[in-house]
Amino acid sequence: MLTVRAPATSANLGSGFDVFGLALGTPADIVRVERAPETTISVTGAGSKYIPEDPAKNTVGAVAEALDAPARIRIDKGVRPSSGLGSSAASAAAAAVALNALYDRGRSREDLVSVAAKGEAVVSGEAHADNVAPSLLGGFTVVTDDGVTQVDASVPVVACLPEISVSTRDARGVVPESATMDEVVTSVGNAATLTVGMTRDDPELVGRGMNDDIVTPERTKLITGYEDVREAALEAGATGVTVSGAGPGILAVCHRRDQRAIASAMVDAFDAAGVESRAYQTAISEGATLYRDDS
């Protein structure tokens, strides 16, 4: 048996739509695999009742098929589906690492990004890699048609997850089809600032670079209480706040000294809006970790 822990992720980061992503220290999915004549899947944990166990309909089943690696697969969900924290990506990344090792396929982590992205397509309809890349590689990632660039950043963050659901398909449906030249120029500048901030582990630069006037404003309309939560986080010391992925999760970048106050402020603001939530005080961290059970 092989076991892999794959972290939750946050994609887009405001100015980097479909390009930027980062790995979170918590939460995470745990996937266990054993060789078998055909693939079977069982799912426990957060939101497991909403996740199909049919391999043809599960992100992990697509990964097993892509690697030609049938297995008995057990998924313990730590990342709730429809959270904006890369739930399907965490499972896909964990399965890719586990099955690659189980069958000694010899794929590098970079090679596995495209494999795990095929699993993402089962859920979102398209093979996006902005979540699977950081879950596999860790740190901060930039995904383009030419490949993935990764930086070992360690910036503190707070990820606040409200008890509401926003599907990736719905969130993509509100993305504007065009933008003005001024909006594009501003977005490029912000994305560049964020990238420099990641290379320096500088929360101030990262937070400043998260601002986005193109995609984020439309997606915030799907999240009850977003503006109040954002304002509360900034007042508590956050250097930047944005929607995590497709939402409804909200990501706040900060200095470590302010994490506790920011987490409390975000939860309180959601509570005032009549929405229950929980906050993860964490940081940009490593990617999927493989454990071997030799007993």
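Under the 4.5 Å side-chain criterion, counting only non-hydrogen atoms from C-beta, Asp54 is not in contact with Asn58. The shortest distance between side-chain heavy atoms of His128 and Asp18 falls below 4.5 Å. In this structure, Val148 and Glu110 have side chains that are not in contact, with every pair of non-hydrogen atoms separated by 4.5 Å or more. For the pair Arg219 and Asn12, the minimum side-chain heavy-atom distance is below 4.5 Å.
Annotation for Asp212 and Val215: closest pair OD2-N, 3.1 Å, computed over non-hydrogen atoms. Counting all heavy atoms, side chain and backbone alike, Ala46 lies closest to Pro81 at O-CD, 3.4 Å. The heavy-atom pair separating Ala69 from Leu99 by the smallest distance is O-CD2, 3.7 Å. The minimum heavy-atom distance linking Ser91 with Asp29 is given by the pair OG-OD2, 2.6 Å. Considering all non-hydrogen atoms of both residues, Pro7 and Ala90 come closest at O-CB, 3.7 Å. Of all heavy-atom pairs spanning Pro217 and Thr220, the tightest one is O-OG1, 2.8 Å.
Legend: ring-ring contact (aromatic ring centres under 6.0 Å, His included) pairs involving residues 133-161, not counting sequence neighbours, sorted by first then second residue: Phe20-Phe140.
Partners of Asp268 under the side chain to side chain contact (heavy atoms under 4.5 Å, CB included) rule, at least two apart in sequence or in another chain, are Ser264. Every residue two or more places apart in sequence or in another chain that forms a side chain to side chain contact (heavy atoms under 4.5 Å, CB included) with Val97 is listed here: Val4, Arg109, Leu112, Leu136, Ala288, Leu290. Among residues two or more places apart in sequence or in another chain, the side chain to side chain contact (heavy atoms under 4.5 Å, CB included) test is passed with Thr239 by Pro203, Glu204, Val253, His255.
At distances below 3.5 Å, not a single donor-acceptor pair connects side-chain atoms of Lys77 with backbone N or O atoms of Ile51. In terms of modelled atom types and a separation under 3.5 Å, the side chain of Glu53 and the main chain of Val43 share a donor-acceptor contact. No side-chain donor-acceptor contact under 3.5 Å links Ser244 to the backbone of Gly249. Judged by distance alone, the side chain of Asn100 and the main-chain N or O of Arg107 form a donor-acceptor pair under 3.5 Å. A donor-acceptor contact shorter than 3.5 Å links the side chain of Arg105 to the backbone of Leu67. Remark: side-chain polar atoms of Asn131 are not paired, donor with acceptor, to backbone N or O of Ala89 under 3.5 angstrom. Between the side chain of Glu120 and the backbone N or O of Ala92 there is no donor-acceptor pair closer than 3.5 Å. With hydrogens and angles ignored, the 3.5 Å screen pairs a side-chain donor or acceptor of Arg80 with a backbone N or O of Ser82. In this structure, the side chain of Asn211 engages the main chain of Arg208 through a donor-acceptor pair within 3.5 Å. Between the side chain of Ser135 and the backbone N or O of Ala6 there is no donor-acceptor pair closer than 3.5 Å.
More than 12 heavy atoms of other residues, nucleotides or ligands sit less than 6.0 Å from atom CD of Glu183.
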| message | Could you go through Arg5 and Tyr291, starting from their C-alpha distance and side-chain angles, then the distance that decides it, and tell me whether this counts as side chain to side chain contact (heavy atoms under 4.5 Å, CB included)? | response | CA-CA 8 Å; Arg5 178 190 186 276; Tyr291 305 91; 4.1 Å; yes

| query | Is there a side chain to side chain contact (heavy atoms under 4.5 Å, CB included) between Leu24 and Leu85 once you walk through the steps? | reply | CA-CA 9 Å; Leu24 300 172; Leu85 298 179; 4.1 Å; yes

Under 3.5 Å, which donor-acceptor pairs link side chains of residues 149-164 to any protein atom two or more places apart or in another chain?
| from | atom 1 | to | atom 2 | distance (Å) |
| --- | --- | --- | --- | --- |
| Gln150 | NE2 | Leu137 | O | 3.4 |
| Gln150 | NE2 | Gly138 | O | 3.1 |
| Gln150 | NE2 | Asp152 | OD1 | 2.7 |
| Ser154 | OG | Asp201 | OD2 | 3.2 |

Considering only distance and modelled atom types, tabulate donor-acceptor pairs under 3.5 Å from the side chains of residues 32-39, sequence neighbours left out.
| from | atom 1 | to | atom 2 | distance (Å) |
| --- | --- | --- | --- | --- |
| Glu34 | OE1 | Arg72 | NH1 | 3.2 |
| Arg35 | NE | Leu102 | O | 3.4 |
| Arg35 | NH2 | Leu102 | O | 3.0 |
| Thr39 | OG1 | Ala71 | N | 3.4 |

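Note: the hydrophobic cluster containing Leu13 does not contain Ile250 (ILVMFWY, side chain heavy atoms under 4.5 Å, direct or indirect links). If you chain together hydrophobic residues whose side chains sit under 4.5 Å apart, Tyr280 and Val229 never meet in one group. Follow the hydrophobic side-chain contacts under 4.5 Å out from Ile284 and you reach Val142 in the same cluster.
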